[in-house]
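Chain letters run A, B, ... following the sequence lines, proteins first, then strands; residues in each count from 1. All of these numbers come straight from a predicted model, not from anything done at the bench.
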Amino acid sequence: MLQIYNSLTKQKEEFKPITPGKVTLYACGVTTYDFCHMGNARTLIAFDMVVRYLRYRGFDVKYVRNITDVDDKIIKRVNENREEYYAFVQRYIDIMHEDLKELGAIMPDEEPRATQFMPQIIYLIQRLFEKGYAYVGGNGDVFYDVRHFKNYGKLSCCDLDKMRSGARVETSENKKDPLDFVLWKLAKPNEPSWESPWGKGRPGWHIECSAMSMGTLGETIDIHGGGADLLFPHHENEIAQSESASSKPFVKTWMHAGYLQTNKTKMSKSSDNFFTIRDVLAYFSGEVARYFLLSGHYRSPLNYSEDALKQADQSLESLYIALRDITPTFMPSNTVFEKYFMEAMNDDFNTPQAFSVLFDIAHEINRLRDADMKTAQAHAALLKRLGGVLGLLQQEPSAFLQKTEGVSAGDIDKLIQERNQARAQKDWATADKIRDQLSTQGIVLEDKDGHTVWRKK
RNA sequence: GGCUGGGUGGCAGAAUGGUCAUGCAGCGGUUUGCAAAACCGUGUACGCCGGUUCGAUCCCGACCCCAGCCUCCA
């Protein structure tokens, strides 16, 4: 039984899709005005893992991840760069796609962009007017009237009046209530704009996701999620808009990924403590970065450090060593490993626990490979399959273990030959000298069963 | 001020009322020409103080500390 923690009810619930066997899932993507950082990657990879596991469990998942391509920050950057708007946005979309590919992410089935949903957005705002939830403010912008929606605050669990006492809520004479938020914002000069019944302008931040979620997946969907920082106000506002327009529940299960931290504080663009995906990929492979991101439970904070990445690299290496020089064959029967793996993942996607099962299988392969190659091969097949559910271990082991920089495989083989000639003559001094030489170049040699294999260190 | 999560061994990071997380690193052993890898073994970990209990890291209460949201944020 798959259990998922629902941010709306604050508890784990048995997951039952609205339509048996099918899952509609919407993940909030990124705003494309800069390189994605590892915090973005964490959330993106968390949902990637969720989709993969749901599919492994046999669900027919429709996976939608949006792109926010209208936004104040984008406009600001575009004007600073004096760049053409769509060219700027497209550049960062391409970069995001490249980065996510490196991290082994699957593509969503649909990737809607806010700018492609203007008619739906405008229609949604019209519906909100008809039902009395929208009004034109003092400055001509269109606002959502939170006072009208009695369930406002049900996700982020805040009392309207208490939130107001926080004093960090910006007041404005344009709004009826400080918490009211913009649905449609009138354009200023040099801003991209779209025609609407309320004048040329652009949508507010939250309305686009409501329009895209309902437009691509329906008015009530199974899973909607994003980073924990979207709980309020973004997701709260999405609920308000969507449910007051459709009079239906918007989302059954809300999922939120925990923060990636650096030095125990949240990694974010505004704090200037972030590392982009590319920063990490300059030193570690995408698979190592992915392993790291999944090495903590998706809802827990995860601490980013170079050391943590190194540990991920080492861990992944030992899994690949188990898969080295072995041909995965058929699935083994009667093993308890897959059962344990599923139990871990069924418990709100407990990837750290699932990892421990992967290591159990790796140990089993290493124990069996001399005594019972056939069973070892079967376990190798299982390890690769379960690793695949997490988007890991799909490379050839040699591709992971022998990724060299600076030294060519041909040169290494030549030196290994020389060394083995020396070894045959028991010229240990020469042999060790060659090994030390390779070692300084980051190459480790292993002598086994009369031949020598190498890997990067 | 309101609200949400946390505090686990050198590091990362899970579960759990009483026998093992797991990984990385370390140590001892087997193996090896020496190594490496692998295998076997190895650690007085659970913020502080009370309480419940035959027994608590895990339940309850107080306290301390940390992070986060309440403003753009994955």
Students often get this wrong, so: under 4.0 angstrom with heavy atoms, is A:Gly39 touching a base, only sugar-phosphate, or nothing? base
The side chain to side chain donor-acceptor pair (under 3.5 Å) partners of A:Thr32 (sequence neighbours excluded) come to none
- Query: When you measure from the side chain of A:Asn151 to the backbone N and O of A:Lys154, does any donor-acceptor pair fall under 3.5 Å?
  - Reply: no
The side chain to side chain donor-acceptor pair (under 3.5 Å) partners of A:Asp48 (sequence neighbours excluded) come to A:Arg52, A:Arg290
Nearest-angstrom distance, P atom, B:rC46 to B:rU19: 15 Å
A:Glu446 atom CD is separated from B:rA37 atom C1', nearest whole Å, by 4 Å
What contact category does A:Asp307 fall into here, base, sugar-phosphate, or nothing, at under 4.0 angstrom with non-hydrogen atoms? sugar-phosphate
Given the rule in the side chain to side chain contact (heavy atoms under 4.5 Å, CB included) test, do A:Val288 and A:Leu309 qualify, once you have shown the distances and angles that lead to the verdict?
-> CA-CA 7 Å; A:Val288 168; A:Leu309 265 305; 4.1 Å; yes
Determine the Euclidean distance between corresponding P atoms of B:rG7 and B:rA14; express it in Å to zero decimal places. 9 Å
### Atom C1', compared across B:rU16 and B:rG29: separation rounded to whole Å
32 Å
Report the C-alpha distance between A:Tyr56 and A:Tyr53 in whole Å, list the side-chain angles of each, state the deciding distance to 0.1 Å, and finish with yes or no for ring pair (Phe, Tyr, Trp, His ring centres under 6.0 Å). CA-CA 5 Å; A:Tyr56 160 80; A:Tyr53 184 67; 5.6 Å; yes
ask   = Hey, does the side chain of A:Gln314 come within less than 4.0 Å of B:rG23's phosphate (OP1/OP2), counting only N and O?
value = no
Worksheet item: If the C1' atom of B:rC27 is compared with that of B:rA67, how far apart are they to the nearest Å?
Response: 35 Å
A:Tyr340 OH to B:rA15 C1', in whole Å, measures 14 Å
Here's one to test your reading of the geometry: is the NZ or CZ of A:Lys175 within 45 degrees of the ring axis of A:Tyr144 and under 6.0 Å from its centre? no
Exercise. Answer with base, sugar-phosphate or nothing: what part of the nucleic acid does A:Ser305 contact at a heavy-atom distance below 4.0 Å?
Key: nothing
Per the under-4.0 Å heavy-atom filter, residues of residues 291-300 of chain A near RNA chain B come out as A:Ser295, A:Gly296, A:His297, A:Ser300
Where do A:Phe47 and A:Tyr63 land on the ring pair (Phe, Tyr, Trp, His ring centres under 6.0 Å) test, with the steps shown first? CA-CA 9 Å; A:Phe47 286 98; A:Tyr63 170 32; 8.2 Å; no
Check: Taking atom C1' in both B:rG2 and B:rC59, what distance in whole Å separates the two?
Finding: 28 Å
Atom CG of A:Leu319 and atom C1' of B:rU22 are separated, to the nearest Å, by 11 Å
Under a 4.0 Å heavy-atom cutoff, the residues of residues 422-436 of chain A touching RNA chain B are A:Arg423, A:Trp428, A:Asp432, A:Arg435
field: Stepwise side chain to side chain contact (heavy atoms under 4.5 Å, CB included) test for A:Ser295 and A:Thr351
entry: CA-CA 7 Å; A:Ser295 67; A:Thr351 51; over 6 Å; no
message: Regarding A:Arg65, tell me which of base, sugar-phosphate or nothing describes its non-hydrogen contacts under 4.0 Å with the strands shown.
response: nothing
(request) Assess whether side chain to side chain contact (heavy atoms under 4.5 Å, CB included) is satisfied between A:Leu54 and A:Leu25, documenting all intermediate values. (result) CA-CA 10 Å; A:Leu54 290 171; A:Leu25 186 147; 4.2 Å; yes
Numerically ordered, the residues 255-283 of chain A set in heavy-atom contact under 4.0 Å with RNA chain B is A:Gly258, A:Tyr259, A:Leu260, A:Gln261, A:Lys264, A:Thr265, A:Lys266, A:Met267, A:Ser268, A:Ser270
Here the distance between atom C1' of B:rC34 and atom CG of A:Asn420, to the nearest Å, is 14 Å
When rounded to whole Å, the CG to C1' distance for the pair A:Leu231 and B:rG2 reads 16 Å
_Can you tell me whether the side chain of A:Asp447 and the base of B:rC34 have a donor-acceptor pair closer than 3.5 Å?_
yes
- What distance, rounded to whole Å, do you find between the two C1' atoms, one in B:rA25 and one in B:rC34? 23 Å
If you measure from the P atom in B:rG26 to the same atom in B:rC20, how many Å do you get, rounded?
-> 25 Å
Next item on the list: Evaluate the side-chain proximity of A:Arg147 to A:Lys176: yes if any heavy-atom separation is below 4.5 Å, no if none is.
Entry: no
Under the rule of Watson-Crick or G-U wobble with both distances under 3.5 Å, where | means paired to another strand and [ ] a crossing pair, RNA chain B maps to (((((((..(((.....[...))).(((((.......)))))....(.(((..]....))).))))))))....
Pair A:Arg369, A:Asp325 - check salt bridge (Lys or Arg N to Asp or Glu O under 4.0 Å), show working. CA-CA 10 Å; A:Arg369 69 194 310 152; A:Asp325 294 328; 5.5 Å; no
Verdict with supporting geometry, A:Phe341 and A:Val389, side chain to side chain contact (heavy atoms under 4.5 Å, CB included):
CA-CA 10 Å; A:Phe341 179 86; A:Val389 174; 4.1 Å; yes
Atom CG of A:Leu302 and atom C1' of B:rA12 are separated, to the nearest Å, by 9 Å
Tested for side-chain contact (heavy atoms from CB on, under 4.5 Å) against A:Phe400, the lone hit among A:Arg455, A:Arg324, A:Glu287, A:Gln394 is A:Glu287
So, with a heavy-atom separation below 4.0 Å from RNA chain B, the residues of residues 359-373 of chain A are A:Phe359, A:His363, A:Asn366, A:Arg367
5'-most contact on RNA chain B (nearest-nucleotide basis), A:Gln311 vs A:Thr43, goes to A:Gln311
Contacts of A:Arg423 meeting side chain to side chain donor-acceptor pair (under 3.5 Å) (sequence neighbours excluded), chain-then-number -> A:Asn420, A:Asp447
Quick note, salt bridge (Lys or Arg N to Asp or Glu O under 4.0 Å) partners involving residues 341-364 of chain A, not counting sequence neighbours, are A:Lys12-A:Asp347, A:Arg299-A:Asp348, A:Lys339-A:Glu343, A:Glu364-A:Arg367
By side chain to side chain donor-acceptor pair (under 3.5 Å), A:Tyr92 pairs with (sequence neighbours left out) none
Sorted by chain and number, sequence neighbours left out, ring pair (Phe, Tyr, Trp, His ring centres under 6.0 Å) with A:Phe143 holds for A:Tyr135
Rounded to whole Å, the CD-P distance (A:Glu317 to B:rA36) equals 13 Å
* Asked: What does A:Lys10 touch in the nucleic acid at a heavy-atom separation under 4.0 angstrom: a base, only the sugar-phosphate, or nothing?
  -> nothing
Residues at least two apart in sequence or cross-chain that pass ring pair (Phe, Tyr, Trp, His ring centres under 6.0 Å) with A:His235, listed by chain then number, are A:His224, A:Trp254, A:His256
Closest to the 5' end of RNA chain B, once A:Ile321 and A:Met38 are matched to their nearest nucleotides, is A:Ile321
Next on the checklist: Give me the distance, rounded to whole Å, that separates B:rA45 from B:rG10 when you measure between the P atoms they each carry.
Outcome noted: 9 Å
A:Phe35 CZ to B:rA74 P, in whole Å, measures 16 Å
